[in-house]
A.B. asks: 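Just dropping this structure here.
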Amino acid sequence: MFSLVGVPPDEARGETEARGPARSPGSGRGTSHGRQAVGGEGGAGDDTDGVALPPVTVTLIWIVVALVAIGLYLSWTAGRLDRLHSRIDASRAALDAQLLRRASVTQELATSGVLDPAASIVLYEAAHAARQAEEEQREVAESELSAALRAVFGEVAQVEAVREVPGGEDAAEELAQAVRRVPMARRFHNDSVRAARALRRHRKVRWFRLAGHAPFPLAFEMDDEPPTALADRPGT
Amino acid sequence: MKIGIVCPYSWDVPGGVQFHIRDLAEHLIRLGHEVSVLAPADDETPLPPYVVSAGRAVPVPYNGSVARLNFGFLSAARVRRWLHDGTFDVIHIHEPASPSLGLLSCWAAQGPIVATFHTSNPRSRAMIAAYPILQPALEKISARIAVSEYARRTLVEHLGGDAVVIPNGVDVGFFDKAEPKAEWQGNTIGFIGRIDEPRKGLPVLMAAFPKIVAACPDVRLLVAGRGDEEEAVASLPKEMRSRVEFLGMVSDEDKARLLRSIDVYVAPNTGGESFGIILVEAMSAGAPVLASDLDAFAQVLDQGAAGELFANEDADELAAAAVGLLGDPERRAELRERGSAHVRRFDWSTVGADILSVYETVTHGAAAVAADERSGFRSRFGLARD
């Protein structure tokens with residue numbers, strides 16, 4: 001469309017007439033259509049000189065080009081945002097799974113009779129509260145479970161005691177894995193939340209409402225420090 | 001699990017990142033996972049069965065040195081094909097911010113992406129300028145791994161967000177079981193690294209060497225690594241040059257045997273290190289370590305508990321510490337013991353389990369990796385071929 005308008009009218013007419021017979025019927029129809037369009041434009045402006053288009057048309061073309069470019073950019077940004085939102089959903093699901101796993105293993109250990117009664121009650125209470133917590137209370141309840149786990153498994157001796165009973169090796173390993181993966185999953189989740197927030201705060205996203213009705217992403221803040229006896233890794 | 005690993009640097013050029021990827025891939029294969037590594041390599045280089053070539057890397061001046069990088073249409077097409085054929089559950093990209101295969105695959109893939117950041121550079125103008133270009137690619141990464149607390153800090157400062165720290169792995173057993181070589185034993189100091197790269201710090205060690213010889217006359221310095229040997233000893237007095245032995249490039253086996261034989265391993269690196277795998281290898285082999293107090297080294301050595309530290313580029317302090325260690329067998333035995341206990345956390349059994357935990361966390365409930373159809377303008381207009 002642009003290329004047809006872009007051809008200077010005189011030259012275009014001359015060329016189509018000269019080449020017309022040599023062309024196939026299909027392309028001939030196309031060019032004659034083009035000639036009409038160009039002729040109409042040329043009649044409104046100056047069709048004698050080499051400079052063809054009136055400034056208004058040139059400006060219009062540029063506006064159209066700019067609008068298309070902006071449209072593409074916005075659609076690409078919306079795609080980015082969409083991808084970030086689905087990343088948040090996935091990372092949140094992973095975090096939920098790890099938290100649930102940690103609470104289940106804790107509850108299992110608490111009811112197994114391996115630990116002394118006081119430790120069992122503390123762990124059971126905390127794990128139960130974490131699993132039952134409403135969404136607003138969740139971060140607090142999970143932090144309390146972390147604190148309870150640290151209190152009970154702060155000493156290597158306690159972990160060894162769990163490992164010695166039949167089946168305790170697996171339980172201790174599963175708990176160690178769970179307490180290590182919760183901080184990992186939380187870090188990944190909060191990282192995706194940060195990336196989405198950074199993009200959503202941008203002018204282009206706010207002005208054009210590219211985020212739609214998606215809720216503003218919230219980070220999951222909790223105390224996830226694992227008990228030292230279960231996870232002695234540097235730095236993580 | 002089907003795992004795709006992207007290596008940004010030429011497979012045929014030895015380097016820390018490449019070795020890390022090789023060991024990781026082999027460790028994961030031993031555990032029964034399906035692993036494919038995409039790496040730049042010449043088409044005629046023999047490759048292990050798990051490596052797929054992404055074409056030849058082009059030497060380009062980048063970041064102060066000549067780096068061999070992959071970019072352009074051909075590489076991008078190979079990345080897409082690899083992603084398409086592989087149907088990976090997760091892809092693990094190393095150095096996603098370098099303008100090479102890492103960035104290309106980040107751009108071309110969608111799904112669970114794990115990325116490891118190895119370098120820790122001070123903030124550069126190029127990075128700031130490239131930020132808007134990098135961000136859309138980097139925000140696809142579901143999980144970021146930094147190799148040290150120091151690398152993590154760089155990452156957070158440069159790109160924002162957060163990362164988990166998982167150190168580089170070492171096959172501790174390989175170094176532990178190496179046989180010492182008699183000719184390398186007896187009051188020897190070891191150094192491994194490029195001779196002609198000042199960053200590796202051999203000049204600092206050479207400046208300290210006369211003082212070490214003055215205190216312990218029978219000391220020998222064993223240097224393993226490529227470079228101009230005559231230029232390296234040019235600063236030493238003539239009579240001391242015979243005390244320095246150059247071993248050239250050594251094989252992995254010889255490296256392990258060398259580390260088993262020496263009395264002190266010196267790492268005088270002056271900067272640009274983000275991890276310091278060689279220190280872990282030395283500790284695995286039971287060599288007492290004396291290293292400059294770079295952030296990364298201090299962290300690997302547990303703030304000086306697992307090895308001694310000296311002020312960076314201070315030859316006098318290096319000499320004093322080395323003389324102290326050579327004259328004190330008890331202190332060396334103590335460091336050996338602490339080092340061996342400390343390196344357990346860098347063994348592949350631990351590091352591999354952590355990396356697998358990351359994979360499992362990000363793949364939980366997510367779809368497999370696929371080529372990203374949205375990233376091309378052709379596909380936007382329905383013109384893409386596939």
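All figures in this text were calculated on a predicted structure; none of them were measured in a lab.
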A.B. asks: Please report the shortest heavy-atom distance between A/D191 and B/D162, naming the atom on each side.
C.D. replies: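 Shortest heavy-atom contact: OD1-N, 3.1 Å.
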A.B. asks: Pair A/L84, B/K140 - check side chain to side chain contact (heavy atoms under 4.5 Å, CB included), show working.
C.D. replies: CA-CA 7 Å; A/L84 278 171; B/K140 286 179 169 179; over 6 Å; no
A.B. asks: A/R87 and B/S142: which non-hydrogen atoms are nearest, and at how many Å?
C.D. replies: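 Smallest interatomic distance, heavy atoms only, reads NE-CA, 3.8 Å.
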A.B. asks: Measure the shortest side-chain to side-chain distance between B/E360 and A/R181 over non-hydrogen atoms and say whether it is less than 4.5 angstrom.
C.D. replies: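 A side-chain contact exists here, since the closest heavy-atom pair is under 4.5 Å.
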A.B. asks: If I measure from the heavy atoms of chain B, does A/A185 come under 4.5 Å with its side chain, its backbone, both, or neither?
C.D. replies: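 Both backbone and side chain.
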A.B. asks: Testing the basics here: between B/T361 and A/A94, what is the closest heavy-atom pair and its distance to 0.1 Å?
C.D. replies: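 Closest approach of B/T361 to A/A94, heavy atoms only: O-CB, 3.3 Å.
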A.B. asks: Would the number of heavy atoms belonging to other residues, nucleotides or ligands and lying under 6.0 Å from CD of B/E334 be above 12?
C.D. replies: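 Correct, the count exceeds 12.
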A.B. asks: What pair of heavy atoms forms the shortest contact from B/P136 to A/R83, and how long is it?
C.D. replies: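 For B/P136 and A/R83, the tightest heavy-atom pair comes out as O-NH2, 3.8 Å.
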A.B. asks: Within a 6.0 Å radius of atom CD on A/E160, are there more than 12 heavy atoms belonging to other residues, nucleotides or ligands?
C.D. replies: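 Check passes, neighbour count above 12.
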A.B. asks: Measuring from atom CD of B/Q135 to atom CZ of A/R80, what distance do you get when rounded to the nearest 0.5 angstrom?
C.D. replies: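 That separation rounds to 6.5 Å.
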A.B. asks: Using modelled atom types and a 3.5 Å cut-off, is there a donor and acceptor pairing between side-chain atoms of A/R187 and backbone atoms of B/A143?
C.D. replies: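 The answer is no, because no donor-acceptor pair under 3.5 Å joins these two groups.
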A.B. asks: With a 4.5 angstrom heavy-atom cut-off, is it the side chain or the backbone of A/L199 that approaches chain B, or both, or neither?
C.D. replies: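 For A/L199, the side chain is the part near chain B, not the backbone.
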A.B. asks: Quick one: pull up CZ in A/F188 and CD1 in B/I141 and give me the separation to the nearest 0.5 Å.
C.D. replies: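 Answer for the CZ-CD1 pair, A/F188 versus B/I141, is 11.5 Å.
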A.B. asks: About how many Å separate OG of B/S357 and CE of A/M184, when rounded to the nearest 0.5 Å?
C.D. replies: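 One finds 5.0 Å between CE of A/M184 and OG of B/S357.
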A.B. asks: Is B/A163 close to chain A through its backbone or its side chain, or both, or neither, when contacts mean heavy atoms under 4.5 Å?
C.D. replies: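 Just the backbone, heavy atoms under 4.5 Å.
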